[in-house]
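Here the structure comes first, spelled out in structure tokens, and everything after it is commentary.
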Amino acid sequence: MTRNTPSETEPTDFIREIIREDLRTGKFGGRVHTRFPPEPNGYLHIGHAKSICLNFGVAEEFGGLCNLRFDDTNPVKEEAEYVEAIKRDVHWLGYDWGEREFYASDYFEQLYQYAVQLIKLGKAYVCDLTPEQIREYRGTLTEPGRESPYRNRSVEENLELFERMRAGEFPDGSRTLRAKIDMASGNLNMRDPVIYRILHATHHRTGDAWCIYPMYDFAHSLSDSIERITHSLCTLEFEDHRPLYEWFQEQLGVYRSQQIEFARLNLTYTILSKRKLIRLVQEGHVSGWDDPRMPTLSGMRRRGYTPQAIRDFCGRIGVAKTNSVVDVALLEYCLRQDLNKRAPRVMGVLEPLRVVIENYPEGQVEMVEAINNPEDESMGTRQVPFSRVLYIERDDFREDPPRKYFRLAPGREVRLRYAYFIKCVDVIKDPETGEVVELRCTYDPETRGGYAPDGRKVRGTIHWVSAQHAHDAEVRLYDRLFNKPNPAEVEEGQDFTANLNPNSLQVLTGCKVEPSLAGAEPGSIYQFERKGYFCVDVLDSTPEHLVFNRTVSLRDTWKKIEKSLQQQRKR
RNA sequence: UGGGGGAUAGUUUAAUCGGCAGAACACCUGACUCUGGAUCAGGCAGUUGGGGUUCGAAUCCCUGUCCCCCAGCCA
């Protein structure tokens with residue numbers, strides 16, 4: 001049985017099963033309505049992509065809708081910049097929320113009225129305990145809490161106090177509104193949780209209209225209800241919040257949504273904690289949220305990742321309740337798979353070694369035809385100039401070739417892709433350092449186009465660029481940001497930054513690329529044959545100074561062979 | 001004697017009422033190849049332990065073990 005492509009496949013996971021069942025029983029009147037609820041306090045990353053693909057994907061599959069809702073209930077951490085970045089990223093991934101762009105802050109007045117209603121129901125009270133006292137009264141994981149001395153204030157007093165909280169009569173932290181539930185509950189979330197706190201802070205959308213702000217549990221449950229969300233999908237750590245989520249809707253007698261939790265994404269060699277990502281940015285370990293090494297969607301976009309690759313990945317990792325760590329190799333596989341189909345091939349020499357073809361006429365230039373993408377004939381061909389002096393990859397020559405190495409070496413013949421067979425006849429070295437600075441080769445004019453009329457075979461085919469036609473380029477080689485599969489695993493007294501890979505960025509200048517790249521569009525992606533996929537940097541590349549980001553290397557079988565040869569030698 | 005959740009190849013996941021444990025990635029072979037790419041063929045490899053029920057258990061029962069989350073006026 002062959003695997004269906006993601007679009008044909010009907011994803012099956014416990015959430016979709018629940019939804020199918022709900023549809024069958026008519027639980028939500030046959031409706032499916034989800035939401036993606038980011039807090040605008042940072043940039044979206046690949047972990048969010050999982051949630052986005054789930055929420056929007058599920059809605060699409062079942063003929064429902066998915067809202068974009070900003071969970072902006074904490075003005076001290078949130079900024080409008082993040083809102084814009086988040087919208088850009090969701091769109092880039094290929095999802096559309098239509099007119100349904102909502103904000104928890106849109107509901108502040110209604111949420112306030114809900115709180116008033118709760119007070120009237122005798123289900124909420126204003127508490128004067130300090131934050132420290134609240135903590136003490138909460139008890140511990142194994143011991144019950146104690147009731148606040150303010151727990152039994154009258155409805156009238158609570159109403160008046162809450163109104164005065166809103167009016168700004170009290171300083172930050174002096175009072176809270178709390179739900180009156182059960183201080184002895186084994187679930188700490190039910191021990192009279194705070195639902196409103198005083199925060200004299202300017203909100204990015206409501207400005208100074210409010211000085212009290214609702215807490216997540218309250219705002220989220222009721223925002224879902226207001227939007228008539230049917231299935232509220234969130235991550236595992238909110239599992240013990242579900243009773244509270246349901247409590248608010250039940251007490252207020254409002255629309256009941258169903259919260260379902262799934263495991264968040266973890267990736268090897270990657271950190272996906274907003275708190276830690278923001279540190280990388282603030283401490284300058286990376287150039288910003290969109291540094292191509294970042295697992296943020298903006299970083300990945302700049303790196304050359306495609307939305308299709310990310311969506312394919314999200315479809316393959318599945319949705320379950322088990323804590324898990326996905327191998328980053330799967331992400332890279334999805335990337336290569338997508339890029340292989342769409343990226344035009346081109347020749348670029350990263351670390352140039354000069355080659356002179358001794359028997360090729362000086363001053364002569366001829367054009368050879370090259371295929372733009374062997375995976376897609378419709379992408380056509382192009383003409384590439386060939387001449388007497390060329391650059392090849394320094395790594396494609398070995399003075400003393402190891403076993404199984406079938407590229408260029410003294411006396412050996414290789415094929416220059418799409419051009420001629422050449423043979424190395426001499427090696428020029430720097431007399432001081434002994435470094436190889438130039439190769440003298442001869443070519444066989446009979447092999448034009450790369451075919452030998454006598455049928456002789458060469459093992460190696462290497463890429464090249466004509467020296468006089470080459471364009472200079474800067475190439476940024478990215479590697480994983482962290483050295484350890486689990487970057488959080490550190491010695492005593494260290495933090496995750498100790499696992500930062502010091503070689504995660506290597507900048508190469510003086511790289512030589514074929515002339516067709518002269519007008520390369522920022523953001524466009526090419527395969528440098530035999531090397532990898534490279535994307536024109538959107539920020540730093542100019543026609544005069546080309547800058548390429550290595551998106552991902554090609555699978556490198558030779559590297560494996562060489563490695564195992566070295567290991568054999570050690571034994 | 002707090003509450004909640006979870007355990008299937010190295011990794012991520014399937015398995016409808018209890019009916020042959022199936023895929024993908026990774027790894028290893030080989031074929032093919034003007035990219036040591038891509039593609040194709042094959043291989044390695046699994047039900048958390050112990051009992052029980054049953055013709056038959058990943059699935060049901062009993063009993064262990066291990067892992068994750070929760071004591072923000074963050075989300």
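A note on names: the letters A, B, ... follow the listed sequences, proteins ahead of strands, and every chain is numbered from 1.
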Looking at the base of [N], is there any donor atom on it, or on the side chain of [X], that sits under 3.5 Å from an acceptor on the other one?
X: R345(A); N: U35(B); value: yes
X: E562(A); N: G36(B); value: no
X: N187(A); N: G4(B); value: no
X: E375(A); N: U39(B); value: no
X: R407(A); N: G36(B); value: yes

Within the structure shown, what part of the strands sits under 4.0 Å from [X] by heavy-atom distance: base, sugar-phosphate, or nothing?
X: T73(A); answer: sugar-phosphate
X: G173(A); answer: base
X: E369(A); answer: nothing
X: H241(A); answer: base
X: Q527(A); answer: base
X: I561(A); answer: base

Using the C1' atom as the reference point in each nucleotide, state the distance between U59(B) and C74(B) in Å, no decimals.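 Approximately 41 Å lies between the C1' atom of U59(B) and that of C74(B).
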C1' atoms of G18(B) and U47(B), separation to the nearest Å: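 Nearest-Å result for G18(B) against U47(B) at atom C1': 15 Å.
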Identify which nucleotide among [options] has an atom closest to any side-chain atom of [X], counting heavy atoms from C-beta outward.
X: T322(A); options: C74(B), G37(B), U13(B); value: U13(B)
X: R417(A); options: U35(B), G2(B), A24(B); value: U35(B)
X: E39(A); options: A75(B), G2(B), C73(B); value: A75(B)
X: V325(A); options: A14(B), U12(B), C73(B); value: U12(B)
X: T461(A); options: A24(B), G36(B), C74(B); value: G36(B)

Rounding to a whole Å, what distance do you find between [X]:[atom1] and [N]:[atom2]?
X: Y333(A); N: C27(B); atom1: OH; atom2: P; value: 12 Å
X: H220(A); N: A75(B); atom1: NE2; atom2: P; value: 11 Å
X: M190(A); N: G2(B); atom1: CE; atom2: C1'; value: 15 Å
X: E261(A); N: C68(B); atom1: CD; atom2: C1'; value: 14 Å

Does a salt bridge link [X] with [Y], judged by any charged N lying under 4.0 Å from a carboxylate O?
X: K404(A); Y: E562(A); answer: no
X: E227(A); Y: R35(A); answer: no
X: D396(A); Y: R530(A); answer: yes
X: R448(A); Y: E366(A); answer: yes
X: K423(A); Y: D444(A); answer: no
X: R342(A); Y: D338(A); answer: yes
X: D13(A); Y: K321(A); answer: no

Syn/anti state of G46(B) by chi, 90° boundary around 0: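 G46(B): anti.
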Under a 3.5 Å cut-off for both distances, is [N] Watson-Crick or wobble paired, and to whom?
N: A24(B); result: U11(B)
N: C66(B); result: G6(B)
N: C44(B); result: none
N: U54(B); result: none

